[in-house]
Amino acid sequence: MSKTQQLAQKVIYIRGRSSFTQEEIANKLGVSRQSWILVEKGQRDLNTEELKKLSEIFGVDIVDFFKETPNIDKFKQMYFACIRLAADEQGGIPKTKLAKLLYLVDFSNFFYSLESMSGIKYRRMQYGPVAEAFFSLTEDFYEGGEINIQPVSEALIISATTQEQATDKLKPKELKLIKTICSLWKNKRTMEIVNFTHQQKPWKMCREGEYIPYELIIQEDPEHVYQPFTRQ
C-alpha cells in the first residue's frame, strides 16, 4: 500500500469518528466533493496546508494522520459479507443488527487469535457496541449507491445493491468465522442480538460512549463469545 493510500485510510478513519460528511469536509477545505473523494480513494495527495486545516477541523495533531490505522478496506468487506450472509429473503438486514454482527465478528476474532479482524475501535452505545466508523461509512455507501436503506416499521433495513463484493482481504479462517456467526444470528430478531451484547463483559464493564478494549472479551465465557443463548 502506498503512502497516499495509507493516508487515505487514516483520513477515512478519523472522519469516521466525527459527524462530518464528505461534502462538509470538502467545503471546509475549499475543494469539490469529487476532489475529496479522490483523497479518500488514495488517488490524490493532501498538501501541507490541507493537512493543517484537517487537523484543526478534526481536532487532532498532524502526526495523527501518519500513525498506524485500522484496515478500512477490510472492514468494508466484513460489512458487505455480513449483509450477504445474514440478510433475510428480501436481501435486507436491520442497521442495528448489522452493527452488532460486525462487533461480534471483530471481538470473536480477538478472542481466538488475540487480534481484531479490522483494528477498528468500538464504543459502548445504547443499543450495544458499535464501530466508530460504522455510521459515516454507511452514509458513504448509501451516497455511493453501494447500499439501499429502507425504513420498515421502526427499523432501517440495509441491502447491498450488488452481490458481487470482494473478500480478498479476508483470510479463509476469518471468512469462515463471519459465515458461522451470521448463520447463527440470521434468523434472530434484532433485540435478541442487542440483548446478547448487553450481557457480555465488554459492554458491561464500560461506560456509555467509552471505547471498549478488545481485551475484555478474553474474560467472557467461551460459550458466550458469539453463540446465542440457549433457551431453557
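Just so you know, these numbers come straight off a predicted model, no measurement behind them.
Between F134 and K95 the shortest heavy-atom distance is CZ-O, 3.6 Å. Considering every non-hydrogen atom in both L216 and C206, the closest pair reads CD1-SG, 3.8 Å. Shown here for T4 and Q43, the closest heavy-atom pair between the two residues is CG2-N, 4.5 Å. I181 and L104 get closest at one heavy-atom pair: CD1-O, 3.8 Å. Between L177 and V105, the closest heavy-atom pair is CD2-O, 4.0 Å. A pairwise comparison of heavy atoms in S55 and D61 identifies CB-C, 4.3 Å as the closest pair.
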Check against side chain to side chain contact (heavy atoms under 4.5 Å, CB included), I12 and L137:
CA-CA 9 Å; I12 292 172; L137 287 176; 4.0 Å; yes

With salt bridge (Lys or Arg N to Asp or Glu O under 4.0 Å) as the test, would you mind laying out the steps for R189 and E192 before giving the verdict?
CA-CA 5 Å; R189 293 180 295 107; E192 289 184 83; 3.8 Å; yes

Let me see the working for C82 and I93 under side chain to side chain contact (heavy atoms under 4.5 Å, CB included), right down to the final yes or no.
CA-CA 9 Å; C82 285; I93 181 173; 5.6 Å; no

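Using the six-membered ring where Trp is involved, H198 and W203 have ring planes that are parallel, under 30° apart on the 30 and 60° scheme.
For the 3.5 Å distance criterion, the side chains of T138 and Y79 qualify, holding a donor opposite an acceptor. No side-chain N or O of S118 forms a donor-acceptor pair with one of N71 less than 3.5 Å apart. A side-chain N or O of E40 and one of Q22 form a donor-acceptor pair less than 3.5 Å apart.
No chain of hydrophobic side-chain contacts below 4.5 Å, direct or via other Ile, Leu, Val, Met, Phe, Trp or Tyr residues, connects I157 to W185. Side-chain heavy atoms closer than 4.5 Å link hydrophobic residues (I, L, V, M, F, W, Y) into clusters, and following such links, even through other members, never connects V31 to L38. Linking Ile, Leu, Val, Met, Phe, Trp and Tyr residues whenever their side-chain heavy atoms come within less than 4.5 Å leaves I193 and V152 in two separate clusters. No chain of hydrophobic side-chain contacts below 4.5 Å, direct or via other Ile, Leu, Val, Met, Phe, Trp or Tyr residues, connects I37 to I14. Residues M125 and Y211 do not share a hydrophobic cluster, defined by chaining ILVMFWY side chains whose heavy atoms lie under 4.5 Å apart.
Here the side chain of T167 pairs no donor or acceptor atom with the backbone of L170 at under 3.5 angstrom. Between the side chain of K179 and the backbone N or O of A81, no donor-acceptor pair lies under 3.5 Å. Looking only at distances, a side-chain donor or acceptor of K97 sits under 3.5 Å from a matching main-chain atom of K188. For Q199 (side chain) and F196 (main-chain N/O), no donor-acceptor pair under 3.5 Å exists by modelled atom type. In this structure, S153 contributes its side chain and A155 its backbone to no donor-acceptor pair below 3.5 Å. A donor-acceptor distance shorter than 3.5 angstrom exists from the side chain of Q77 to the backbone of K169, with no hydrogens or angles considered. The closest donor-acceptor contact from the side chain of S18 to the backbone of F58 lies at 3.5 Å or more, if one exists at all. At least one donor-acceptor pair closer than 3.5 Å links the side chain of D106 to the backbone N or O of M117. The backbone N or O of V194 sits less than 3.5 Å from a side-chain atom of T197, completing a donor-acceptor pair.
Classification of R15 and D140 as a salt-bridged pair holds, one side-chain N sitting under 4.0 Å from a carboxylate O. Salt-bridge check for E23 with K28: failed, with every basic side-chain N at 4.0 Å or more from each acidic carboxylate O. By the 4.0 Å N-to-carboxylate-O rule, K53 lies too far from E50 to be salt-bridged with it.
Aromatic pair F107/Y214: centroids less than 6.0 angstrom apart.
The environment of K186 atom NZ is dense: over 12 non-hydrogen atoms of other residues, nucleotides or ligands sit within 6.0 angstrom. Under a cut-off of 6.0 angstrom, the local environment of CZ in F20 is crowded, with over 12 non-hydrogen atoms contributed by other residues, nucleotides or ligands. Environment of OH in Y112: crowded, with over 12 heavy atoms of neighbouring residues, nucleotides or ligands closer than 6.0 Å. E154 CD: 12 or fewer foreign heavy atoms inside a 6.0 Å radius.
In this structure, S35 and R44 have side chains that are in contact, with non-hydrogen atoms separated by less than 4.5 Å. The shortest distance between side-chain heavy atoms of Y103 and V130 does not fall below 4.5 Å.
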Tell me which donor-acceptor pairs under 3.5 Å the side chains of residues 217-226 have, and how far apart each pair is, sequence neighbours excluded?
unit_1, atom_1, unit_2, atom_2, d
E220, OE1, K201, N, 2.8
D221, OD1, E223, N, 2.9

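A salt bridge (charged side-chain N to carboxylate O under 4.0 Å, His left out) check over residues 112-126, counting only residues at least two apart or in different chains, returns the pairs E115-K171, R124-E208.
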